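Before we start, here is the structure in question, set down as C-alpha cells.
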Amino acid sequence: LFRLLGPIYIFILPFCFCLYFLNLYWLIPSYKNGKFSNVAVYLINLFGVSFLLGVADAVFLLQLRLDINFIGYVVFFWLPPVVISVSISWWVYTAKREKYQELTNLQTALGASDANLQFLRSQINPHFLFNVLNSIYATALSEQAEKTGDAIQKLGDMMRFMLHENTLDTIPLAREIEYLHNYINLQNMRIAMSDDIDIKINIPDQYNTPGIAPMLLIPFIENAYKHGISFQHQSWISVSLQLTDNVLQLDVNNSMHRAKESDPEKQRSGIGLENVKQRLKLLYPNQYELVIRHNPNEFFIHLTLQLS
C-alpha cells in the first residue's frame, strides 16, 4: 500500500503545491501584467518550471525503485499533477481577481459618492453667496434692475445645477461650461468697478463631446477668484479651456494675495482643490495629468483630461 500511495503523499503533493503557488503568484501575474509578451512565453515558462520540478520529483521517486519507465512517469506522475495544479491555480486567480475587482468598484463608487457630497457641501458657500447678494443689491440701487434680473437668473441657474445635475455621474461638457460662465459672470459683477483687476477668459460656449463629471472644473476657477483678487493690489486671472480629439486642456493662472486674518474663508483654503484631486483619481484613473505650481505672487494649474 505504501509503494502505491507513498509517492503521492511524499513527492507528488509537494510537487503540486510548488507548481500551484508558483503559477498563482508568479507566472499568471507576470502574464497578466505584461511581463510575458504573449501566451507562448507564458507556456514556455510554465513548461520550464514544471520540467525542473518534475526532474526534482523524479530524482526522489527513483529512490523508491518503482518499476516504471520514463513514459509511465510522465503519464502517471508528471502530467496529471501539472494539469490539476495549473487548472486549480488559474481558477483561484480568476475568482480572486473578480472579487478584487468587485471590491475596487465598490470602493470607487463609495469614494466618488463621498467626494461628491463633500464637494457639494463646500460649494454651498455662505461667504460667496453673501458677496453675490451684496453685488446684486448694489446693482439694483444704481440702475433699473435689468442687470439685477440677469444676475438673479444666473444665480438661480447655478443653484439648480448644484442641487440637481451635480447628483448625476456625467453631464454634457456644454452644461459644465455654462455653469463656469455663470460663475465667472457673477464674480465679475463684484469686481466690475475696479480698474486694477485684469480678467481674461477663453472658454468656448459649446462643445460636442461625451460627458464629464459635474463640477469637476469649477474648483480651479473658484480658487483663482478666491485667492487671485485684491481690491488693494494689482490682480489678474487668466483662464483658457480647449478640447481636441476629446482631450480637454484647462489652464488657470492668477495672482496670489495673502488672506486677511478676519477672512472667514481663510481656514477653508485648499478644500476645493484637494477634493477635485480625489475625484480625478477616483473617476479618471490614468486619464488625466494635473500640474500645480505656485509662488508667493502667482498660482498656476494645468489639467489635461481624456474624455471617453
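None of the values given here were measured: they were computed from a predicted structure. Here, residue 1 is the first one in the sequence, and each next residue gets the next number.
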### Message
To the closest 0.5 Å, what do you measure between CD1 (I184) and CD1 (I199)?
### Response
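If we round to the nearest 0.5 Å, I184:CD1 and I199:CD1 are 9.0 Å apart.
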
### Task
Please assess E298 against N253 for the test side-chain hydrogen bond (donor to acceptor under 3.5 Å, both in side chains), listing each intermediate value before the final yes or no.
CA-CA 7 Å; E298 188 174 11; N253 180 228; 2.9 Å; yes

### Message
Tell me whether V49 shares a hydrophobic cluster with I28, the cluster being built from Ile, Leu, Val, Met, Phe, Trp, Tyr side chains joined at under 4.5 Å.
### Response
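Yes: a chain of side-chain contacts under 4.5 Å links V49 to I28.
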
### Task
Grab the two heavy atoms, one from H302 and one from D251, that are nearest each other, plus how far apart they are.
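Reported closest heavy-atom pair: ND1-OD1, 2.6 Å.
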
#### Entry: Main-chain N/O of F299 paired with H227 side-chain donor or acceptor, under 3.5 Å
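Checked: no pair found.
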
### Message
How close do K200 and D198 get, counting heavy atoms only, and between which atoms?
### Response
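Taking K200 first and D198 second, the nearest heavy atoms are CE-OD2, 3.4 Å.
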
### Task
Find out if a path of hydrophobic residues (ILVMFWY) with successive side-chain heavy-atom gaps under 4.5 Å connects V39 to L24.
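Yes; tracing contacts between hydrophobic side chains, which count when under 4.5 Å, links both residues.
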
### Query
Any donor and acceptor pair, going by atom type alone, linking the side chain of Q287 with main-chain N or O of Q306 inside 3.5 Å?
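A pair under 3.5 Å: yes.
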
### Atom CH2 of W90: over 12 foreign heavy atoms under 6.0 Å
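Yes, the 6.0 Å shell around CH2 holds more than 12 heavy atoms from other groups.
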
### Query
Is it true that the side chains of N23 and S89 contain a donor and an acceptor less than 3.5 Å apart?
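There is such a pair between these side chains.
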
### Task
Could you tell me which non-hydrogen atom of P214 sits nearest to which non-hydrogen atom of D169, and how far apart they are?
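Where P214 meets D169 most closely, the heavy atoms are CD-O, 3.4 Å.
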
### Query
Is any side-chain heavy atom of Y20 closer than 4.5 Å to a side-chain heavy atom of V92?
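Heavy-atom side-chain distance check passes, below 4.5 Å.
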
### side chain to side chain contact (heavy atoms under 4.5 Å, CB included) between Q249 and L303, intermediate numbers included
CA-CA 6 Å; Q249 296 192 57; L303 172 67; over 6 Å; no

### Query
Shared ILVMFWY cluster between L27 and V83, side chains joined below 4.5 angstrom?
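Yes, same cluster.
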
### Query
Between Y179 and R175, is a side-chain hydrogen bond (donor to acceptor under 3.5 Å, both in side chains) present by the stated rule, with each step listed?
CA-CA 6 Å; Y179 181 84; R175 287 290 294 132; over 6 Å; no

### Message
Closer than 3.5 angstrom, by distance alone: can the side chain of Y284 be matched with the main-chain N or O of A213 as a donor-acceptor pair?
### Response
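Indeed, once roles are kept as given, a pair shorter than 3.5 Å links the two residues.
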
### Message
Please identify which of these residues, Y31, F47, W26, meets the ring-ring contact (aromatic ring centres under 6.0 Å, His included) condition with Y42.
### Response
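Of Y31, F47, W26, ring-ring contact (aromatic ring centres under 6.0 Å, His included) with Y42 is met by Y31 alone.
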
### Query
Does E289 use its side chain to pair, donor to acceptor, with the backbone of L305 at less than 3.5 Å?
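Checking the backbone N and O of L305 against the side chain of E289, no donor-acceptor pair under 3.5 Å is found.
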
### Query
If two hydrophobic side chains count as joined below 4.5 Å and joins carry through other members, does Y288 share a cluster with L243?
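Yes, it is one cluster - the side chains of Y288 and L243 are joined through contacts under 4.5 Å.
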
### Query
Can you check whether N275 reaches R279 side chain to side chain, under 4.5 Å on heavy atoms?
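The answer is yes; the side chains approach within 4.5 Å.
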
### Task
Could you grab the distance from atom CG of L180 to atom CZ of F220, nearest 0.5 Å is fine?
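Rounded to the nearest 0.5 Å, the CG-CZ separation comes to 11.0 Å.
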
#### Entry: Neighbour count >12 (heavy atoms, 6.0 Å) for atom NE2, H233
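No, the 6.0 Å shell around NE2 holds no more than 12 heavy atoms from other groups.
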
### Task
Evaluate the side chain to side chain contact (heavy atoms under 4.5 Å, CB included) criterion for residues Y183 and Y225: first the C-alpha distance (whole Å), next the side-chain angles of each, then the deciding distance (0.1 Å), finally the verdict.
CA-CA 10 Å; Y183 180 88; Y225 276 95; 4.1 Å; yes

### Query
Should H294 and M256 be marked as a side chain to side chain contact (heavy atoms under 4.5 Å, CB included) after you check the CA-CA gap, both sets of side-chain angles, and the distance that decides it?
CA-CA 9 Å; H294 60 88; M256 289 285 290; 5.5 Å; no

### Query
Are side-chain heavy atoms of I191 and Q187 found at a separation under 4.5 Å?
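SC-SC contact between I191 and Q187 ruled out.
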
### Query
Taking atom CG of N286 as the centre, does the number of heavy atoms from other residues, nucleotides or ligands within less than 6.0 Å exceed 12?
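No, CG of N286 has 12 or fewer neighbouring heavy atoms, counting only those of other groups under 6.0 Å.
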
#### Entry: Exceeds 12 heavy-atom contacts within 6.0 angstrom, atom CZ of F51
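No.
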
### Query
Quick one: does N223's side chain get under 4.5 Å of I301's, heavy atoms only?
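No. Closest side-chain heavy atoms not under 4.5 Å.
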
### Closest heavy-atom pair and its distance - E176, I171
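Here E176 and I171 meet closest at OE1-CD1, 3.7 Å.
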
### Message
Test side chain to side chain contact (heavy atoms under 4.5 Å, CB included) on V252 and L250; report intermediate values, then the result.
### Response
CA-CA 7 Å; V252 181; L250 175 68; 4.0 Å; yes

### Query
What about V247 and L217, same hydrophobic cluster or not, with Ile/Leu/Val/Met/Phe/Trp/Tyr joined at side-chain heavy-atom distances under 4.5 Å?
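They do not share one cluster, since no chain of ILVMFWY contacts under 4.5 Å joins V247 to L217.
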
### Task
Taking S255 for its side chain and G228 for its backbone only, find out whether a donor-acceptor pair lies under 3.5 Å.
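Yes, the answer is positive, given that a donor and an acceptor are paired below the 3.5 Å cut-off.
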
### Task
Measure from the side-chain N and O atoms of N38 to the backbone N and O of A40, and report whether any donor-acceptor pair falls under 3.5 Å.
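A pair under 3.5 Å: yes.
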
### CD1 on I237 to CD1 on I229, rounded to 0.5 Å
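So the CD1 of I229 and the CD1 of I237 are separated by 3.5 Å.
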
### Query
Any donor and acceptor pair, going by atom type alone, linking the side chain of N45 with main-chain N or O of V41 inside 3.5 Å?
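Such a contact is found between N45 side chain and V41 backbone.
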
### Task
Give, for atom CD1 of I212 and atom CG of L307, the distance between the pair rounded to the nearest 0.5 Å.
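Rounded to the nearest 0.5 Å, the CD1-CG separation comes out at 5.0 Å.
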
### Query
Going from CG on N297 to CG on N254, what distance comes out if it is rounded to the nearest 0.5 angstrom?
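That separation rounds to 11.5 Å.
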
### Query
In Å, rounded to the nearest 0.5 Å, how long is the span from CG of L22 to CG of L53?
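Rounded to the nearest 0.5 Å, the CG-CG separation comes to 6.0 Å.
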
